[in-house]
Protein chains: 2
Amino acid sequence: MTPGTRPAVAPDSRARLRLWLRMLKSTRQVEAVLRDRFRTEFGTTLPRFDVMAALARYEGGLKMSALSGVLRVSNGNVTGIVDRLVDEGHVVRVQVPGDRRASLVRLTRRGQQEFARQAEAHARWIDELLTGFAPDEAETLAARFDAVSAKEEDA
Amino acid sequence: MTPGTRPAVAPDSRARLRLWLRMLKSTRQVEAVLRDRFRTEFGTTLPRFDVMAALARYEGGLKMSALSGVLRVSNGNVTGIVDRLVDEGHVVRVQVPGDRRASLVRLTRRGQQEFARQAEAHARWIDELLTGFAPDEAETLAARFDAVSAKEEDA
DNA sequence: TTTTTTTATTTCAAGCAAAAAATGTTTTGG
DNA sequence: CCAAAACATTTTTTGCTTGAAATAAAAAAA
């Protein structure tokens, strides 16, 4: 693609590659701490928390396909996670009247209460782990990340 | 924990939480693209690439424990990944002379060549996915992320 | 109505991930 | 020397993840 004397990868790319490696490292570190705390403090996992968070935002419940759409994970993946949440009594599958294929997934009362506790802890943990960023810097940075997200929004 | 009229989570934490959600989203999006391209273009995976990248940096090879230390993944985890790389002929396990427990993992010649191709593509992909960040902005940002990493360095 | 297509979901296979237990091996302290 | 501790690695278990195939029901086309 880039022929001749110029190297295949432009020198500029080094900076972006460095940025990528750092943000990947940071993200993984934070995720590791979260995973550990969710496990020890609540006996749950990040994916289960994510599902409950999505359901908390949609009180009427979500269909499985909508759920995997919101979370941007594969269809078949959500099945297993929801199964476990059902076993735990945090979530129920409700048959959709007119459609025997679909079912709505909804938080139970217990699920709502449990999620509230977890969400509060989660916010505290993030605040602690990202103290390196001042609030206004965090705000600015958050906005800049849309530069990445927007690019792949359609994919 | 925080009683009375004040909310349990300080208002400042909202900015950090927002930042976390954005960077997590961005990171996952980029990872998803990388996963897909590694799969279709090279028939490999991100974890395998990570292992090969680590081995490329240490020409003398790495012991399993050193490898999992560098990559910061669990011990038992690396076993399976290296097994597959061995099957593919990209990596070999060399017995350490004085120690029948340990073995050095090293890239084969084929592994080195294959990694070079993959690394070049990887750098190009990152450069493409992060075009939203100007090179100097990327550099500044990368430095700021040490604020997170440094905090957990010891953990 | 019958066929075809689309939609909703689950199942399956392969692989990644952590934690914990198990298996050897080497080193160390009596 | 021998038991205990430390070390290197693998195995096991549980769960997440994707992509692809399989079911099944609903909607559209013929």
Side-chain angles (χ1 to χ4, degrees), chain A residues 24 27-29 31-40 42-52 54 61-88 91 93-105 155, chain B residues 24 27-29 31-52 54 61-88 90-91 93-105 155:
Chain A
L24 185 59
T27 302
R28 285 184 177 169
Q29 276 177 354
E31 272 190 304
V33 174
L34 293 181
R35 182 181 323 114
D36 192 59
R37 294 198 183 166
F38 268 120
R39 187 174 62 89
T40 58
F42 295 110
T44 190
T45 63
L46 269 164
R48 293 210 266 264
F49 176 74
D50 287 344
V51 167
M52 289 179 77
L62 282 172
K63 290 199 281 185
M64 291 298 284
S65 44
L67 198 45
S68 68
V70 168
L71 299 175
R72 290 164 186 281
V73 298
S74 68
N75 251 344
N77 193 1
V78 180
T79 300
I81 298 173
V82 167
D83 283 350
R84 278 172 207 106
L85 286 172
V86 168
D87 291 345
E88 295 169 2
V91 142
R93 279 184 234 247
V94 186
Q95 275 298 324
V96 172
D99 193 334
R100 266 183 300 175
R101 297 170 301 179
S103 61
L104 277 178
V105 184
Chain B
L24 185 59
T27 302
R28 285 184 176 169
Q29 275 176 354
E31 273 191 302
V33 174
L34 292 181
R35 181 182 20 253
D36 192 59
R37 296 200 182 163
F38 269 120
R39 187 174 62 89
T40 57
E41 314 251 318
F42 295 110
T44 190
T45 64
L46 269 165
R48 291 211 266 264
F49 176 74
D50 287 344
V51 166
M52 290 179 78
L62 282 172
K63 291 198 282 187
M64 291 297 283
S65 45
L67 196 46
S68 67
V70 168
L71 299 174
R72 290 162 187 281
V73 298
S74 69
N75 246 348
N77 200 354
V78 180
T79 299
I81 297 173
V82 169
D83 283 350
R84 275 168 210 110
L85 287 172
V86 168
D87 291 345
E88 294 168 4
H90 290 142
V91 141
R93 280 184 234 247
V94 185
Q95 274 299 320
V96 173
D99 193 335
R100 265 184 300 176
R101 295 169 301 180
S103 60
L104 278 177
V105 184

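Throughout, protein chains are lettered first and strands after them, A, B, ... in sequence-line order, and every chain is numbered starting at 1. Quick note: numbers below take in every heavy atom, side chains included, and nothing from hydrogens, waters or symmetry partners.
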- Separation of atom CZ in R84(B) from atom C1' in dA17(C), rounded to whole Å: 12 Å
- Query: Taking for each residue the nucleotide of DNA chain D bearing the nearest heavy atom, is the 5' side occupied by A102(B) or by G80(A)?
  - Reply: A102(B)
- Task: Using a heavy-atom cut-off of under 4.0 Å over every strand shown, decide if V73(A) touches base, sugar-phosphate, or nothing.
- Result: sugar-phosphate
- Message: On the side chain of R100(B), is there an atom forming a donor-acceptor pair with the base of dT25(C) - under 3.5 Å, no angle test?
- Response: no
- Taken to the nearest 0.5 Å, the spacing of S68(B) OG from N77(B) CG works out to 9.0 Å
- Message: Check this one for me: any side-chain N or O of R93(A) less than 4.0 Å away from OP1 or OP2 of dT10(C)?
- Response: yes
- Task: Please report, rounded to the nearest Å, how far the P atom of dA19(C) is from the CZ atom of F38(A).
- Result: 16 Å
- Item | Rounded distance (nearest 0.5 Å) linking atom CZ of R28(B) with atom CG of L71(A) | 9.0 Å
- Report the distance from atom CD of E31(B) to atom C1' of dT18(D), rounded to the nearest whole Å. 13 Å
- Item | Whole-Å distance separating the CZ atom of R37(A) from the C1' atom of dA18(C) | 17 Å
- With heavy atoms under 4.0 Å as the rule, sort I81(A) into base, sugar-phosphate or nothing. sugar-phosphate
- Message: Could you measure the distance from the NZ atom of K63(B) to the CG atom of D99(B)? Nearest 0.5 Å is fine.
- Response: 6.0 Å
- 5'-most contact on DNA chain D: N77(A) or R101(A), nearest heavy atom basis? N77(A)
- Task: Could you state the atom-to-atom distance from CD of Q95(B) to C1' of dT10(D) in whole Å?
- Result: 14 Å
- Could you check how far CZ of R72(A) sits from C1' of dC16(D), rounded to whole Å? 19 Å
- Message: Output the rounded distance in Å from CG (N75(B)) to C1' (dG24(C)).
- Response: 15 Å
- Task: For residues L46(A) and E31(A), report the shortest heavy-atom separation together with the two atoms involved.
- Result: CD1-O, 3.8 Å
- Could you tell me whether the phosphate oxygens of dC16(C), OP1 or OP2, come under 4.0 Å of any side-chain nitrogen or oxygen in T45(B)? yes
- Message: Does T45(A) form a side chain to side chain contact (heavy atoms under 4.5 Å, CB included) with R39(A)? I'd like the steps, not just the answer.
- Response: CA-CA 6 Å; T45(A) 63; R39(A) 187 174 62 89; over 6 Å; no
- Which of dT9(D), dT17(D), dC16(C) is nearest the side chain of P47(B)? It is dC16(C)
- Item | Nearest to side-chain heavy atoms of R35(B), which nucleotide of dA19(C), dT18(D), dA25(D) | dT18(D)
- Of A66(A) and D36(A), whose nearest nucleotide on DNA chain C comes first from the 5' end? A66(A)
- Note on the structure: When rounded to whole Å, the CG to C1' distance for the pair D99(B) and dT26(C) reads 7 Å
- Of dT10(C), dC16(D), dG19(D), the nucleotide closest to the side chain of R39(B) is dG19(D)
- Query: Which residue, L104(A) or R48(B), contacts DNA chain C at a nucleotide closer to its 5' end, judged by nearest heavy atom?
  - Reply: L104(A)
- Query: Is the phosphate of dT9(C), meaning OP1 or OP2, less than 4.0 Å from a side-chain N or O of S65(A)?
  - Reply: yes
- Message: Give me the atom names and distance for the closest heavy-atom approach of R100(B) to Q95(B).
- Response: O-OE1, 4.1 Å
